[in-house]
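Per chain, numbering begins at 1; letters A, B, ... match sequence-line order. Hydrogens, waters and symmetry mates are skipped; everything else that's a heavy atom, side chains included, is used.
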Amino acid sequence: MAIDLKNELNDKQYLAAAQLNGPLLIIAGAGSGKTRMITFRIAHMLDSGIHQSNILALTFTNKAAKEMAERVKTLTNKKLTNLTVSTFHAFGVKLLKESISNLGYKENFSIYDQTDKISAIKEAARELNISPDVLDIYEVSNLFSSIKTNREKWTDTNNSFKPLYDEYQEYLFNHNSVDFDDLIILPVKIFTKFPDILKGYQLKYQYIMVDEFQDTSLAQYKLIKQLAQENRNVCVVGDDDQSIYSWRGANYQNIINFETDFPELTEIKLEQNYRSTENILAAANSLISNNTNRKEKQLWTGIGHGKSIEIYYPENESREADFISEMIKSFHLKENLKYHDFGVLIRTNNLSTLIENSFLAENIPYKVSGGQSFFQRKEIKDIIAYLRILNNPDDDINFLRILNMPRRGLGKATLLKIREIAKEKDCSLHAAATELRWTGDSPLSDKIKSSLQEFIDLIAEYKEMLEEEDSNKTKIIKDLIETINYWGFLIIEHQKNEKLAKWKYKNISIFIELFEKWEKKPDNKGKDLGTYLNRITLMTRAEDEEGDNGQVNLMTIHASKGLEFEYVFLAGVEKNIIPHARSIEENPDNIEEERRLFYVAITRAKQKLFMTSCKTRKIRFEIVDTGPSPFLEEIPKELIKFHTPLEDVEGDEALDYFEQMKSKFN
DNA sequence: GTAAGGCCCGTTTTT
DNA sequence: CGGGCCTTAC
């Protein structure tokens, strides 16, 4: 049964969804039904006889990809197992799995995340006898990223880092590892070097869609361009006003590049907002009009004025947190809103702690997204490090992590010996360690030698088990964790805090459960460990929360992109927080991006927007006077109602509250 | 040579 | 408050 596009979409959306051939640029304002349009467009392709395997849809986050795939499946009522809806990075992994051998890497390559990357740079620095403390490693890491993705060139001021960069690159290659930038840049390289490979992919992906186009980087754009330049059936959807990832290389100049590279394009603007009330939209429009560099658009809504925007100035950050909890509680009761109808947005992750505590104290169910990923937690990374070594023994960064964890007497001196061999033989640490344990005139004591032997054997044994056909990997991993006695290790590490040890161990069981779920899924039958490892490196958090209904959503503004909530609380609307002091310090021009960020935050709200701005705030261990964010002045006063403060909590009531909090945490 | 305890500092946003 | 790094104790 074909879908009646005309009936389901407004005129502009219809135009966008109906035109399948040729380049299409869609400027889609906040809340303009972009996802709906894309979903229908894909369904329309399928209706028109385009085969699912010829369609490629690229999104920005795993969450968006998952959601889009779900929505298309629901709409068409088809399984669509060969439809590619993926993030850029996950797509990069797929391409590399299929073709990285052309560049001399092996297929079981490891992906280094930010932390691994920093360790790798430190290792490279060691090779060159550069002491790590003379480097601002964070800055170096950013520079390397810019160089790799062509955002920056070597200049007289920065070329002193070039030897280190080259060493880092060599390090990655020698250890069969790639970093996040490589996931995009290496496919581009392969396509440039091997036109036949590119041809193959052009033949496969004849219809390409890109969501959140304003947040694509130059490198990502190159990749799209390569794939699309023959067929030219490429549809990009974006909103320059919502470009908030420039620090990661996003460049909304890409919209202009697209116009140049595909001059025959059709441009469509989606300007009807289906999400927010007039008040909210007016505030957003007024704010964003202060930006100079933007495409003019007239967002409008038919929803009506709605409730006014409210601002509240709490004394300090705990009052802010309590205010948010109380409001949510009372709306939940009085207005029959579900907890998941609330979004609480913050500029930085560290603002979440107090709000979380308050939710806990008030028994408000909530979930945090963004921030530190589940898979980045130390205890999880430890276990993953073992799995990575089992998958790719040459992965030195993870070898270093597990060599003496749990403690097995293999410390600095032993490592130094291993390093010597590795340098001499030009091999990985694992290979060097394997060698060292045999050497007759080994410089190691018998005790250490046997410890090393045990360690190497452990790796070999489990590697073999995992590689067996039809192996029960979950069981093997459980067994491994027991064999290394990770629990014992946690107890020793946290002697004074058994609770913490237990909590960490609990996380490990959760990890095992997640893995088991993955292993049992029919789609994953016969897939190797490497596939799983690569997948989770790209995941922001344990995106498994099936029951994500009935929970308040607490997240950074960045993480809220693409989402919407009935009621939105925007916390910490203070100067130095938004716009963030560091961002302005870096470059005063960043004010426009910070404004867009604020714009994104406001436009998440459907019915009601609250903003809170503390008078004082504890930063580290100091209480500092803050003040309202300058952006508040860019919102017309008549749209705002100033919230009367809650009555001060009386003495004994406060005490009572304190006791409550205490009992929650003890 | 290895392990434990003291000391210092704190990365804005994330695939 | 918590994690990484360095010094001191075995």
Side-chain angles (χ1 to χ4, degrees), chain A residues 58-65 86-93 111-115 117-119 122 132-133 136-139 141-142 145 149 179-184 212 215-217 219-220 243-250 345-351 353 369-373 375-378 404-417 443-445 447-448 451 492-497 500 534-541 543 555-561 572 576-586 590 593-594 596-598 600-601 618-622:
Chain A
L58 293 170
T59 64
F60 203 64
T61 62
N62 293 303
K63 192 171 183 163
S86 156
T87 64
F88 270 98
H89 287 85
F91 183 61
V93 173
I111 303 171
Y112 283 172
D113 69 11
Q114 215 73 312
T115 332
K117 177 181 174 186
I118 286 195
S119 309
K122 281 185 185 163
D133 25 302
D136 180 340
I137 204 89
Y138 206 70
E139 208 171 292
S141 163
N142 285 337
S145 183
T149 56
D179 63 19
F180 277 170
D181 296 318
D182 286 327
L183 295 179
I184 310 297
E212 306 286 8
D215 283 324
T216 52
S217 66
Q220 288 166 334
S243 168
I244 54 176
Y245 281 93
S246 72
W247 48 275
R248 215 178 76 185
L345 309 185
I346 46 187
R347 170 71 237 262
T348 61
N349 285 302
N350 62 3
L351 297 179
T353 343
S369 20
Q372 199 194 27
S373 150
F375 300 103
Q376 313 267 70
R377 290 188 182 149
K378 197 175 166 302
N404 199 27
M405 189 282 309
R407 308 217 183 276
R408 44 172 80 86
L410 304 174
K412 252 201 295 207
T414 314
L415 180 59
L416 198 70
K417 303 263 163 55
L444 303 175
S445 72
K447 199 172 140 217
I448 288 178
S451 183
I492 294 168
E493 289 290 288
H494 306 286
Q495 282 163 10
K496 288 170 218 110
N497 194 344
L500 183 66
N534 286 343
R535 195 182 100 102
I536 59 176
T537 327
L538 298 174
M539 256 163 44
T540 325
R541 73 210 140 78
E543 45 151 67
M555 65 185 79
T556 63
I557 302 172
H558 282 91
S560 77
K561 200 175 63 153
N576 295 333
I577 294 187
I578 183 158
H580 200 280
R582 260 195 126 94
S583 153
I584 301 300
E585 204 180 289
E586 206 172 79
N590 284 341
E593 174 142 327
E594 295 286 316
R596 289 193 291 270
L597 203 47
F598 200 72
V600 168
K618 199 147 112 193
I619 295 173
R620 265 186 288 249
F621 286 96
E622 263 183 308

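Among the protein residues, Gln220(A) comes within range of no part of the nucleic acid, since none of its heavy atoms lies under 4.0 Å from any strand. If you check every strand for non-hydrogen atoms under 4.0 Å, Asn350(A) touches nothing. Residue-level contact check: Phe60(A) touches the backbone only, with heavy atoms under 4.0 Å from sugar-phosphate atoms and none from bases.
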Protein-proximity profile, nucleotides 4-11 of chain B, B/S/- by nucleotide at the 4.0 Å heavy-atom cutoff, equals S-----BB

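Remark: ring of Trp247(A) overlaps the six-membered base ring of dT13(B) in a stacked fashion, centroids less than 5.5 Å apart, planes less than 30° apart.
If you measure from atom CG of Leu345(A) to atom P of dT13(B), you get 15 Å, rounded to the nearest angstrom. Between Glu212(A) atom CD and dT14(B) atom C1' there is a gap of 14 Å when expressed in whole angstrom units.
When the nucleotides dT12(B), dT13(B), dT15(B) are ranked by their closest atom to the side chain of Glu586(A), dT12(B) comes out on top. In this structure, the nucleotide among dT15(B), dT13(B), dT14(B) sitting nearest to the side chain of Thr87(A) is dT15(B). For Thr556(A), counting side-chain heavy atoms from C-beta on, the closest listed nucleotide (dT2(B), dT15(B), dT13(B)) is dT13(B). Across dG1(B), dT13(B), dT14(B), the shortest atom-to-atom separation from the side chain of Arg248(A) is found for dT14(B). Comparing dG1(B), dT12(B), dT14(B) by their closest approach to the side chain of Ala413(A) singles out dG1(B). Checking dA3(B), dT13(B), dT15(B) against the side-chain heavy atoms of Asn404(A) singles out dA3(B) as nearest.
One finds a side-chain N or O of Lys122(A) lying less than 4.0 angstrom from the OP1 or OP2 phosphate oxygen of dC5(C).
Every residue meeting the ring-ring contact (aromatic ring centres under 6.0 Å, His included) condition with Phe91(A), not counting sequence neighbours, appears here in chain and number order: Tyr205(A).
At distances below 3.5 Å, not a single donor-acceptor pair connects side-chain atoms of Asp179(A) with backbone N or O atoms of Gln114(A).
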